[in-house]
A.B. asks: 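Sharing a structure, written as C-alpha cells. Questions coming.
Predicted model, so just to flag it, every value in this text is computed and none were measured. Start at 1 with the first residue, then count along the sequence. Keep in mind that the numbers below use all heavy atoms, side chains included, and drop hydrogens, waters and symmetry copies. Whatever order the structure lists them in is the order used to number ligands and atoms, beginning at 1.
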Amino acid sequence: MAYTTTAFPDNFLWGASTSAYQVEGAALEDGKKASQQDIINRDNFRERGFATAEVTSDHYHHFREDVALMAEMGLKAYRFSIAWSRVIPDGTGAVNPAGLKFYHDLIDELLAHGIEPIVTLYHYDLPWALVERYGGWISRQVVDDFEAYARLIITEFRDQVKYWTTINEQSIIVQYWTQKCYIPEEFRGNNQLRYQINHHMNLAHAVACNLVHELVPGGMVGSVIGYSPIYPLTSRAEDVMAAQNAHDLRNGYYLDIYFKGKYTDSAMAYLERHGLAPKIEPGDMELIASGTSDMLGINYYASECAKACPDDGTREMRWNGVNLTGKKGDISGFETHPGFYEMCKNPLLDTNDWDWAIDPIGLEYLLRDIWMRYGKPLMVCENGLGAFDTLEADGTVHDPYRIDYLSRHIAAMKRAMDYGVQMLAYCPWSALDLLSTSNGVKKRYGFIYVDRTDDDPRECRRYRKDSFAWYRNVIANNGAGLTL
Ligand code: BG6
C-alpha cells in the first residue's frame with residue numbers, strides 16, 4: 001500500500017543547498033584569489049568543454065535576487081559554503097574585507113527574509129596558494145591554516161549562524177580525489193595519500209567542532225557526509241559480506257570518526273594490509289575524539305551495490321569511475337578491492353543519465369541505520385536529480401522527473417521520521433542551477449533555471465522551473481500529502 005506523508009514538525013527547516021565555487025562566480029573579483037577549483041575547472045574546460053568556475057551562476061552579483069526567489073519558494077533555511085580564498089585570498093595572513101562583506105551581506109539578506117543560514121566551512125575549494133606552498137591537503141600544515149580560517153569565520157558570524165557544518169563529503173573526496181582536490185601529477189599514483197588527506201581532514205573537522213563549541217553558545221556542528229547505502233548484489237553470503245566490507249570502508253570509516261572518535265577496525269585492517277593506512281601522529285586520535293559532533297549532514301543521491309571480489313590476481317585495486325557524457329551506461333568503471341568487495345550496477349534500479357541509481361527507499365534505509373547506530377539529529381544537506389533541462393521559448397522549464405524524484409525522497413525521509421529518526425532539515429541540491437563537480441553546467445539540479453551554457457555564461461538570467469512552484473507548495477503544506 002502506498003505511504004502518504006502527514007505534516008512535518010512545525011520547526012522543520014525546509015531548505016535548499018549550494019556551494020561557493022559552484023554558484024558564486026566572481027572567481028577573481030574584489031580581492032578573491034584562485035582556489036584549487038578554479039584551476040581544476042579551467043582544465044576541465046580545456047579538456048572536456050565543461051564550464052570554468054569563473055562565472056558559474058554569478059550568484060555573487062545576483063545574490064539579492066536569489067534570496068528573494070528563495071523567500072518566494074518559502075525556504076526556511078539555506079545551506080551554502082564560504083570560499084576560503086575569498087576571505088583569506090592567500091590561504092593564510094591578510095583578510096580580504098570585501099570577501100567578508102559579501103558573506104555579511106548574504107547572511108543579513110537571508111535573515112531579513114526569515115531564512116536560517118546553514119554554513120559549510122569547506123566545500124572542495126582550498127586556496128590555490130596553499131596547493132602551491134605545500135601541496136594543499138597532502139600536508140599536515142593545512143590543519144593549522146584551516147584552524148585560523150575557521151576561527152575567523154566562526155567568530156565573525158557566531159551571532160547570526162547557529163548551524164555549522166565542517167567539511168563537505170570526505171568520503172567522496174577519497175573516491176574522486178583528483179576532481180575534489182588538486183593533486184600534483186607526481187602524487188597521483190600514491191593511493192595512500194587519499195587516506196592521508198582524509199586523516200588531515202578529520203583533524204581539521206575536529207578542530208572546527210571544538211571551535212564552534214568554544215565560540216557559539218547554543219550552536220550545533222557536524223560534518224556533511226556523502227553517503228550511499230550499499231546493497232549486496234545477491235543474497236549469497238559472499239555478496240552480503242562484500243556489501244558489509246564496502247559499508248565499513250566507504251561509510252563506517254567516516255561515521256565512526258565523527259561519532260566515536262575512532263577508525264572502523266575492519267576498514268583500518270584492510271588499509272593496513274595494503275599499505276594504504278594514514279600515518280597517525282601522537283595526539284591525533286585524542287584530538288579527533290575531542291571534536292564531538294552534535295549532528296550530521298547527509299548528502300544522498302543514490303544507493304550503490306557490491307558483490308564479492310576474489311583476490312586471485314585477476315583484478316586490480318581501483319576507485320570509482322565517472323560518467324562524463326550523460327549517456328546512460330558510459331560510467332568508466334567500478335571501485336574494486338580484491339578480497340574485500342567490488343562495486344557494481346544494481347540491476348533492479350533505474351538511473352539518471354549519469355548512471356546514478358534512483359532509490360528513494362535508500363534514503364529511509366540510511367537515515368534509520370545512522371540514527372540507530374549513533375542517535376544524533378540529522379539534516380539532509382543535499383539530495384537531488386541531475387538532469388538535462390530545457391528552457392522553453394515562453395520562459396518555462398518543465399521538470400516532472402525532478403518533482404517525482406524529490407517528492408518520493410521527501411516521503412521516504414518522513415517515513416524514517418515516523419519510525420523515530422530526528423531530522424532537523426531538508427536542503428535539496430540545489431537552490432538554483434550551478435556548476436556540477438563532474439559534468440559542467442548542462443547537468444542541472446536547481447529549482448531555478450540559470451540561463452547559460454558551458455561555453456557561454458550569457459547573462460545568467462533566472463527562470464522558475466515547474467519544481468519551484470511544486471516545492472513552494474510542499475513547504476506551504478509543511479510536507480503533508482506526498483506519496484512514496
Ligand atoms: C555532491 C557535492 O557530491 O554532489 C556537490 O557535495 C555536487 O558539490 C553534488 O555538485 C552533485 O554531484 P555532481 O558531480 O553532479 O555535481
A.B. asks: Between L434 and ligand 1, which part of the residue brings a heavy atom under 4.0 Å of the ligand: side chain, backbone, both or neither?
C.D. replies: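 For L434, there is no contact with ligand 1 at all, from either part.
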A.B. asks: Does ligand 1 come near enough to S436 that some N or O of the ligand is less than 3.5 Å from an N or O of the residue?
C.D. replies: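 Looking only at distances, the answer is yes, because the N/O contact criterion of under 3.5 Å is met.
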A.B. asks: Please report which non-hydrogen protein atom sits nearest to atom 9 (C) of ligand 1, along with the residue it belongs to and the distance in Å to one decimal place.
C.D. replies: Y301 OH, 3.3 Å
A.B. asks: Regarding Y341 and E335, is there a side-chain donor-to-acceptor distance under 3.5 Å anywhere?
C.D. replies: yes
A.B. asks: Can you tell me if D353 uses its side chain to pair, donor with acceptor, with the backbone of K327 under 3.5 Å?
C.D. replies: no
A.B. asks: Enter the distance from T178:OG1 to Y182:OH here, rounded to the nearest 0.5 Å.
C.D. replies: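 Reported to 0.5 Å precision, the distance equals 10.0 Å.
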A.B. asks: Quick check: E382 and ligand 1, any N/O pair under 3.5 Å apart?
C.D. replies: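 Yes, E382 has an N/O under 3.5 Å of an N/O on ligand 1.
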A.B. asks: For W177 and Y195, what are the C-alpha separation, side-chain angles and deciding distance, and is it a ring pair (Phe, Tyr, Trp, His ring centres under 6.0 Å)?
C.D. replies: CA-CA 10 Å; W177 69 326; Y195 296 94; 9.2 Å; no
A.B. asks: Less than 6.0 angstrom from the centroid, inside 45 degrees of the normal: does R444 satisfy that with respect to the ring of Y449?
C.D. replies: yes
A.B. asks: Could you check whether W14 and F8 have their ring centres less than 6.0 Å apart?
C.D. replies: yes
A.B. asks: Name the one of I115, I118, V119 that satisfies side chain to side chain contact (heavy atoms under 4.5 Å, CB included) with Y78?
C.D. replies: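 Result: among I115, I118, V119, I115 is the only option passing the side chain to side chain contact (heavy atoms under 4.5 Å, CB included) with Y78.
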A.B. asks: Report the nearest protein non-hydrogen atom to atom 16 (O) of ligand 1: residue, atom name, distance rounded to 0.1 Å.
C.D. replies: T437 N, 2.7 Å
A.B. asks: Hey, is W354 touching ligand 1 through its side chain, its backbone, both or neither, going by heavy atoms under 4.0 Å?
C.D. replies: neither
A.B. asks: Purely on distance, is any nitrogen or oxygen of S438 under 3.5 Å from one on ligand 1?
C.D. replies: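 Between S438 and ligand 1, an N or O pair is found under 3.5 Å apart.
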A.B. asks: Can you pull out the closest protein heavy atom to atom 10 (O) of ligand 1? Residue, atom name and distance to 0.1 Å, please.
C.D. replies: Q22 NE2, 2.9 Å
A.B. asks: One residue to check: N299. Relative to ligand 1, which of side chain, backbone, both or neither has a non-hydrogen atom less than 4.0 Å away?
C.D. replies: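 Within the 4.0 Å criterion, N299 contacts ligand 1 through side-chain atoms alone.
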A.B. asks: Could you tell me whether some N/O pair between H123 and ligand 1 is separated by less than 3.5 angstrom?
C.D. replies: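 Yes.
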A.B. asks: Among protein heavy atoms, which sits nearest to atom 11 (C) of ligand 1, and what does the distance come to when rounded to 0.1 Å?
C.D. replies: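 Answer, as residue, atom name and distance: Y445 OH, 3.3 Å.
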A.B. asks: With rounding to the nearest 0.5 Å, note down the distance linking NZ in K32 to CZ in F102.
C.D. replies: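 If I round to the nearest 0.5 Å, the distance is 11.5 Å.
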A.B. asks: Among protein heavy atoms, which lies nearest atom 12 (O) of ligand 1, and at what distance?
C.D. replies: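 Checked against all protein heavy atoms, atom 12 (O) of ligand 1 sits closest to W356 CH2, 3.3 Å.
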A.B. asks: Starting from atom 3 (O) of ligand 1, locate the nearest protein heavy atom and write down its residue, its atom name and how far away it is, to 0.1 Å.
C.D. replies: E169 OE1, 2.5 Å
